[in-house]
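To start, the structure under review is shown below, and the notes come after it.
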2 protein chains.
Amino acid sequence: MATIKDIAKKVGLSVTTVSRALNGYDDVSEKTRKKIQLAAAELKYSPNVAARSLVTNRTQTIGLLVSGLNQEGAKDHFMFDILNGLNHKASNAGYDLVLFSTDSAKQRVKSYTQLCRERRVDGVILQGIRLDDPYLQEIIESDIPCVVIDIPVRSSKVGHVTTDNRQGAKKAVDYLLQHGHKQIAFMNGHGQAHVSQERLLGYQDALQEAALTVTQALIYNGEFSEYKAEVEALKLFKAKPEATAVFCASDLMALGVMKAAKRMRLRVPEDVSIIGFDNITLAEYVNPGLTTISQEPFQMGIEACAILLSLLTGEETSKQSILPTTLIERESVAFVRS
Amino acid sequence: MATIKDIAKKVGLSVTTVSRALNGYDDVSEKTRKKIQLAAAELKYSPNVAARSLVTNRTQTIGLLVSGLNQEGAKDHFMFDILNGLNHKASNAGYDLVLFSTDSAKQRVKSYTQLCRERRVDGVILQGIRLDDPYLQEIIESDIPCVVIDIPVRSSKVGHVTTDNRQGAKKAVDYLLQHGHKQIAFMNGHGQAHVSQERLLGYQDALQEAALTVTQALIYNGEFSEYKAEVEALKLFKAKPEATAVFCASDLMALGVMKAAKRMRLRVPEDVSIIGFDNITLAEYVNPGLTTISQEPFQMGIEACAILLSLLTGEETSKQSILPTTLIERESVAFVRS
DNA sequence: CTGAAAGCGCTAACAG
DNA sequence: CTGTTAGCGCTTTCAG
């Protein structure tokens with residue numbers, strides 16, 4: 001593999017000049033630059049980024065640190081869409097993405113900070129991390145520029161991007177309210193997700209605004225899992241047959257709830273209305289079509305990358321971004337039967 | 001950021017000893033090793049992989065080179081599943097994944113070989129590359145170990161993994177034949193995909209075995225796009241109303257064909273039977289459920305990584321892997337009306 | 001406009 | 001068991 005030295009030898013110049021010519025410095029005559037570029041091409045030269053970053057201390061690499069990357073993620077394509085947005089923005093800015101995935105097993109070996117330091121990533125984007133994650137605090141407090149998705153953290157070297165979950169949840173419940181529902185159950189995710197906390201607040205906001213009382217017995221946790229939600233919904237439908245609607249904190253869970261309804265011989269939306277959150281692809285294809293609150297993971301990826309990039313350049317911009325939601329009307333919500 | 005030198009200074013030993021202690025060489029006393037490890041922890045030392053790879057010439061990094069990574073890919077989660085399998089295997093082997101994504105625009109700037117050389121990836125996995133890709137040949141002929149997905153290449157430093165597409169396609173058409181269909185259309189992808197070529201062969205095999213003639217007028221190309229397939233299917237249904245079944249080279253295209261059928265007021269499966277390929281998540285949720293040939297992208301990722309790893313260690317194993325398919329029966333195929 | 005020299009952090013002979 | 005030395009490929013003062 002040709003090095004800068006080989007080029008220098010070939011054209012009879014010093015490595016310094018070659019380096020500067022190739023990096024576009026203007027203190028080199030166009031004539032020699034041409035000569036050097038030609039030689040570089042002939043030798044099929046590629047710069048060695050390892051050598052470069054050893055001296056510059058920058059790697060032009062962004063880490064993507066994901067917890068719980070697995071096949072489940074194919075159904076809700078949240079992670080994939082974020083990756084896409086990230087990649088889109090990052091590659092345009094000349095950065096490459098390196099993927100760090102962890103799970104509870106691997107965490108014990110290396111902390112997130114370790115992972116990032118070893119690879120000397122210029123910055124990192126965190127996704128799918130729980131609030132009680134043992135390594136979250138450490139990396140936030142480190143000097144590694146990072147932006148975390150769906151956890152509101154605030155510090156000089158940390159940004160975050162999330163969806164307006166509270167508002168989104170309120171929209172969903174308001175919509176149910178407008179359809180005459182008064183006994184509205186809530187299938188939430190779990191307590192260690194910030195989005196769940198927010199969506200719970202939105203649920204409460206809506207009910208309170210409608211002068212309805214929030215009853216704990218109508219709130220379940222489906223752990224963001226389709227199957228778990230189905231199991232919980234079965235309990236719900238048995239314990240609270242008076243519930244005429246359920247707001248689900250994710251579309252995947254909404255699918256689980258629909259399955260439960262079917263098993264209980266409850267028709268959607270005639271007997272029970274269901275509204276989801278996310279607007280995953282399945283929501284559109286499923287029968288009946290799932291009414292839901294859409295969020296934009298692709299855009300989140302874009303924004304996350306933009307914030308990180310500004311963190312890297314030291315540019316003074318907003319370090320947070322909260323994206324709006326929109327209600328997507330389909331067929332899973334109906335007016336309550338009188 | 002602490003270096004090996006800082007540790008050496010702190011414990012009063014040479015950098016060599018520190019290096020060897022940390023890398024688990026056995027020619028260092030357990031006592032000094034302990035001391036060094038302690039000092040390393042205290043200084044929050046992380047090895048600098050750039051420096052290391054500069055001398056070892058290995059980066060412990062695998063490149064994943066994808067063409068056409070975009071949001072469409074969320075629906076068929078092929079890429080995501082592969083990524084998952086890859087990541088699973090790679091991270092267990094101590095490799096990190098770096099993502100290179102290209103599209104027709106970016107390709108002109110840097111060849112795949114360039115990309116890989118600069119980052120000095122130890123090996124690379126190629127996915128989503130068309131047969132007529134201008135840079136495919138170059139990287140295959142380079143000395144970079146690589147394994148390509150869904151293109152059969154054979155050379156000492158190149159492996160490949162794919163699905164038994166010909167056999168899979170034959171299964172699909174056989175199944176249609178068993179249901180009495182004789183006028184079977186084929187919605188293929190495009191000519192620059194090896195899988196399309198194979199699936200076409202499988203389609204022909206089945207028809208010939210049944211002593212039916214293959215008529216070009218029943219074969220369309222949907223470019224693996226849902227929308228394009230819908231448009232083409234509309235033409236098909238108009239031009240060839242005698243067709244009672246269509247085999248689609250991807251589930252996504254099958255969905256497009258279903259939409260076209262609906263627009264033509266053709267019922268699936270009563271008026272027209274449809275069978276897909278891939279077994280994407282949607283296939284199960286759609287109505288009617290889509291009968292299809294399943295392949296295992298996650299497993300492909302695993303195998304691809306395994307082959308690459310063996311290429312890296314120079315281990316002598318098979319450099320190719322062809323995965324079997326299975327027929328998934330759902331509701332989109334019926335017996336032909338007599 | 002060009003070159004010499006130092007050094008980024010690490011590993012790897014080779015001695016002792 | 002430990003240390004000396006050289007060098008990976010590159011950028012970056014500092015001189016000329």
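Quick note on labels: first sequence line is chain A, next is B, and so on, each numbered from 1. All values reported here derive from a predicted model rather than from experimental measurement.
- Here D/dG16 presents its P atom at 18 Å from CG of A/Asp27, a figure rounded to the nearest Å.
- Protein atom CD1 of B/Ile36 is 13 Å distant from nucleotide atom P of D/dC1, rounded to whole Å.
- For the OP1/OP2 pair of C/dT2 and a distance below 4.0 Å, the side-chain nitrogens and oxygens of A/Thr32 include at least one atom meeting the criterion.
- What separates CG of A/Asp6 from P of D/dC10 is a distance of 9 Å, to the nearest Å.
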* For nucleotides 6-16 of chain C, read 5' to 3', which letter fits each nucleotide if B means a protein heavy atom sits under 4.0 Å from the base, S means only the sugar-phosphate is that close, and - means neither? -> --BBBSBBB--

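- In the set D/dT2, C/dA4, C/dC1, D/dT2 carries the atom at the smallest distance from any side-chain atom of B/Val28.
- Between the CG atom of B/Leu13 and the P atom of D/dC1 there is a distance of 14 Å, given to the nearest Å.
- Taking the charged nitrogens against the carboxylate oxygens, A/Arg117 and A/Asp143 do have a contact shorter than 4.0 Å, which makes a salt bridge.
- Heavy atoms from other residues, nucleotides or ligands lying under 6.0 Å from NZ of A/Lys89 number 12 at most.
- Here the options are B/Gln299, B/Glu296, B/Gln295, the test is side chain to side chain donor-acceptor pair (under 3.5 Å), and the partner is B/Thr163; only B/Gln295 passes.
- Taking atom NZ of A/Lys31 as the reference point, atom C1' of C/dT2 lies 13 Å away to the nearest angstrom.
- Atom-to-atom, NZ of A/Lys35 to P of C/dC1 comes out at 14 Å; the value is rounded to the nearest Å.
- Within the 4.5 Å cutoff, the side chain of A/Met300 has no heavy atoms near those of the A/Gln127 side chain.
- Residues A/Gln320 and A/Ile322 meet the side-chain proximity criterion, which asks for heavy atoms closer than 4.5 Å.
- A heavy-atom distance below 4.5 Å is not found between the side chains of B/Val49 and B/Thr59.
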